[in-house]
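As structure tokens, the structure follows; a few thoughts come after it.
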Amino acid sequence: MKLRVGILGATGAVGQKFIRLLEGHPWFEVTALAASERSAGKSYRDAAHWIESTPLPASIAEMEVQLCEPGLACDLVFSGLDSSVAGPVEKAFAKAGYPVISNAKNHRMDEDVPLLIPEVNPEHLALIERQETPGFIVTNPNCATVGLTMALKPLQDAFGIEAVQVTTMQALSGAGYPGVASLDAVANVIPFIGGEEDKLETEPLRLLAPLSREDGQPVVRALDIPISAQCNRVPVLEGHLECVSVKLGSSSSIDGVQKALAAFESPDEVASLPTAPSRCLLVLEEEAAPQPRRDVDRGAGMTVSVGRVRSCPVFDVRFVVLSHNTVRGAAGGAILNAELLAARGLLAHRDV
Ligand code: NAP
């Protein structure tokens, strides 16, 4: 029997991506949709302005949208809630016994909450042991953090990292719906995304840190590596592109760096999950790759593409990273997290 899934923030951009990606999922079935009081009581068709490029699934269209309150008939919830409300709502669900798999920033840096990319730090799931609620919260990182961290992981493992500089060009869908006003976005670049640079400068340091045990308790202490981030909103629909320069801990040829990136593979327990792509990190050889329009859907949006790997006259190496912000950077990443939890036996049918 499939696990029953509720979606908090079901009407938003990320909520819609959950609905699309969960259609026909082999392990999960959507049984509850919740959003704000503006939407509660309406059919999903009436409450949501559907922006996905595939039709709204018929099984979802007539479901009633509920309030984001415990009592939803499901075994786990995905959260695509606005960060202005996600913190206490997600806690309330965890207190009521639900596993909460969240996209929101609110609990990402809590010391007992895993901030998870299954291919990078699956061992961090042990932090759940420290949560004192009957349910628990697991988070996925900011949409721009995912691509950067996936590319840094093999370099950290092979050479160590001493400093990172990253400049992002981020898609409009990252701002949700209706997001950035068209008169600001069209034929323009906005060199500011509120709160984004701080997330890029901190979240990778937690994701790349080892898990240790102190007095028997699992602990993650963030690495101490300077990351300088500059974030820009560009008129692209889907896909965050990032230009990255890295100072390595030990010297390497560019060939060595390319080989380390190309050799990066999912751990076996992750590679076999339904949403895992065949390659989680793909090095592209073409001189003008990756590009959002051409490469964002690689691996059904779950593959992170890297290109233009070359030496850097200031640091050691530079390259370009592309990741799908609403798939790998949001709903798809959260579904992969839930699949890892299910594979480890951490999700169960509940009597609700
Ligand atoms: P969005 O399109 O603005 O959707 C926000 C959702 O939150 C809607 O379903 C909305 O419901 C609900 N909501 C707002 N106020 C609420 C309240 N008081 N009570 C209950 N529900 C409420 O935003 P989004 O882009 O989907 O982002 C959702 C979350 O994911 C955010 O925390 C964001 O930072 C994070 N995230 C987004 C991306 C991305 O690429 N877009 C990537 C990673 C993470 P109503 O429709 O009823 O107002």
Side-chain angles (χ1 to χ4, degrees), residues 6-21 32-52 60 63-70 72 77-93 100-109 115-117 137-149 168-180 193-196 198-200 203 231 233-234 236-241 292 296 301-302 322-337:
I7 303 175
L8 309 178
T11 50
V14 172
Q16 295 189 23
K17 193 66 84 181
F18 273 123
I19 289 170
R20 177 173 172 181
L21 296 179
L33 302 170
S36 77
E37 12 182 76
R38 295 180 286 278
S39 305
K42 296 179 183 166
S43 69
Y44 186 80
R45 184 197 303 281
D46 290 339
H49 176 75
W50 185 251
I51 56 171
E52 286 293 322
I60 297 288
M63 281 174 69
E64 183 178 323
V65 178
Q66 303 175 62
L67 288 171
C68 292
E69 291 170 354
L72 299 181
V77 291
F78 287 111
S79 170
L81 280 172
D82 192 86
S83 60
S84 62
V85 293
V89 172
E90 292 174 358
K91 268 277 184 232
F93 273 86
V100 178
I101 323 295
S102 175
N103 283 277
K105 68 177 182 184
N106 307 62
H107 295 294
R108 283 182 193 147
M109 303 307 263
L115 173 62
L116 184 69
I117 302 174
I137 301 174
V138 171
T139 60
N140 54 329
N142 165 267
C143 45
T145 299
V146 182
L148 176 66
T149 307
T168 70
M169 284 149 276
Q170 299 185 216
L172 293 171
S173 57
Y177 185 85
V180 185
I193 303 175
E196 201 78 351
D198 180 53
K199 291 176 207 158
L200 262 179
E203 292 180 8
C231 296
R233 187 74 72 194
V234 297
V236 161
L237 200 55
E238 301 274 23
H240 291 349
L241 197 74
V296 77
M302 290 297 287
L322 173 71
S323 60
H324 196 308
N325 52 294
T326 56
V327 179
R328 172 57 87 164
I335 292 169
L336 192 63
N337 285 355

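Atoms within a ligand are numbered from 1 in the order they appear, just like the ligands themselves. Residue numbers count from 1 along this sequence. As the structure is a computational prediction, the values presented were derived from the model and not from experiment.
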To the nearest 0.1 Å, how far is atom 27 (O) of ligand 1 from its closest protein heavy atom, and which atom is that? V14 CG2, 3.7 Å
With distance as the sole test, does D82 use its side chain to make a donor-acceptor pair with the main-chain N or O of V85 at under 3.5 Å? no
If the plane angle is over 60° it's perpendicular, under 30° parallel, otherwise tilted; pick one for F18 and F78. parallel
Heavy-atom contacts under 4.0 Å between N103 and ligand 1: side chain, backbone, both, or neither? both
Just to confirm, does any protein heavy atom lie below 4.0 Å from atom 46 (O) of ligand 1? yes
So which bit of A40 gets within less than 4.0 Å of ligand 1, heavy atoms only: side chain, backbone, both or neither? neither
Looking at CG of L172 and CG of L237, how far apart are the two atoms once the value is rounded to the nearest 0.5 Å? 7.0 Å
Looking only at atom types and distance, does a side-chain atom of Q170 sit under 3.5 Å from a main-chain N or O of V234, one as donor and one as acceptor? no
How far is atom 3 (O) of ligand 1 from its nearest protein heavy atom, and which residue and atom name does that atom have? Y177 O, 4.1 Å
The atoms of ligand 1 lying under 4.0 Å from a heavy atom of S83, numbered in the order shown, are 32 (O)
Atoms of ligand 1, numbered as shown, that sit under 4.0 Å from any heavy atom of T11: 8 (C), 9 (O), 10 (C), 11 (O), 45 (P), 46 (O), 47 (O)
Measuring from N337:CG to I101:CD1, what's the distance to the nearest 0.5 Å? 7.0 Å
Against heavy atoms of G329, which atoms of ligand 1 measure under 4.0 Å? 42 (C), 43 (C)
Looking only at protein heavy atoms, identify the closest one to atom 32 (O) of ligand 1 and say how far it is in Å. L81 O, 2.7 Å
At what distance is the nearest protein heavy atom to atom 4 (O) of ligand 1, and which residue and atom is it? G12 CA, 3.2 Å
Donor-acceptor contact present, side-chain Q16 to main-chain H49, <3.5 Å: yes
Note the single closest protein heavy atom to atom 6 (C) of ligand 1, along with its residue, its atom name and the distance in Å. G80 O, 3.7 Å
So which of S39, A34, S36, P141 gets nearest to atom 20 (C) of ligand 1, if we judge by its closest heavy atom? S36
Checking H107 side chain against V138 main chain: does a donor-acceptor pair fall under 3.5 Å? no
Short side-chain to backbone donor-acceptor contact, E90 and S79, under 3.5 Å: no
Closest protein heavy atom to atom 2 (O) of ligand 1, given as residue, atom name and distance to 0.1 Å: A13 N, 3.0 Å
One pair to check against salt bridge (Lys or Arg N to Asp or Glu O under 4.0 Å): K17 and E238. What are the steps and the verdict? CA-CA 12 Å; K17 193 66 84 181; E238 301 274 23; 3.5 Å; yes
Exam field: side chain N140 to backbone A330, donor-acceptor pair closer than 3.5 Å: yes
Is there a donor-acceptor pair closer than 3.5 Å between any side-chain N or O of R233 and the backbone N or O of M169? no
Using heavy-atom distances only, which candidate in S173, C143, A330 approaches atom 41 (N) of ligand 1 most closely? S173
In terms of atom number and element, which parts of ligand 1 are under 4.0 angstrom from non-hydrogen atoms of R38? 14 (C), 15 (N), 48 (O)
Taking atom 18 (N) of ligand 1 as the reference point, the nearest protein heavy atom with its distance: V85 CG1, 3.2 Å
Among all protein non-hydrogen atoms, which one is nearest to atom 7 (O) of ligand 1, and what is the separation to 0.1 Å? D82 N, 3.3 Å
Heavy-atom distance to atom 23 (O) of ligand 1: which of C68, A86, G176, A104 wins? G176
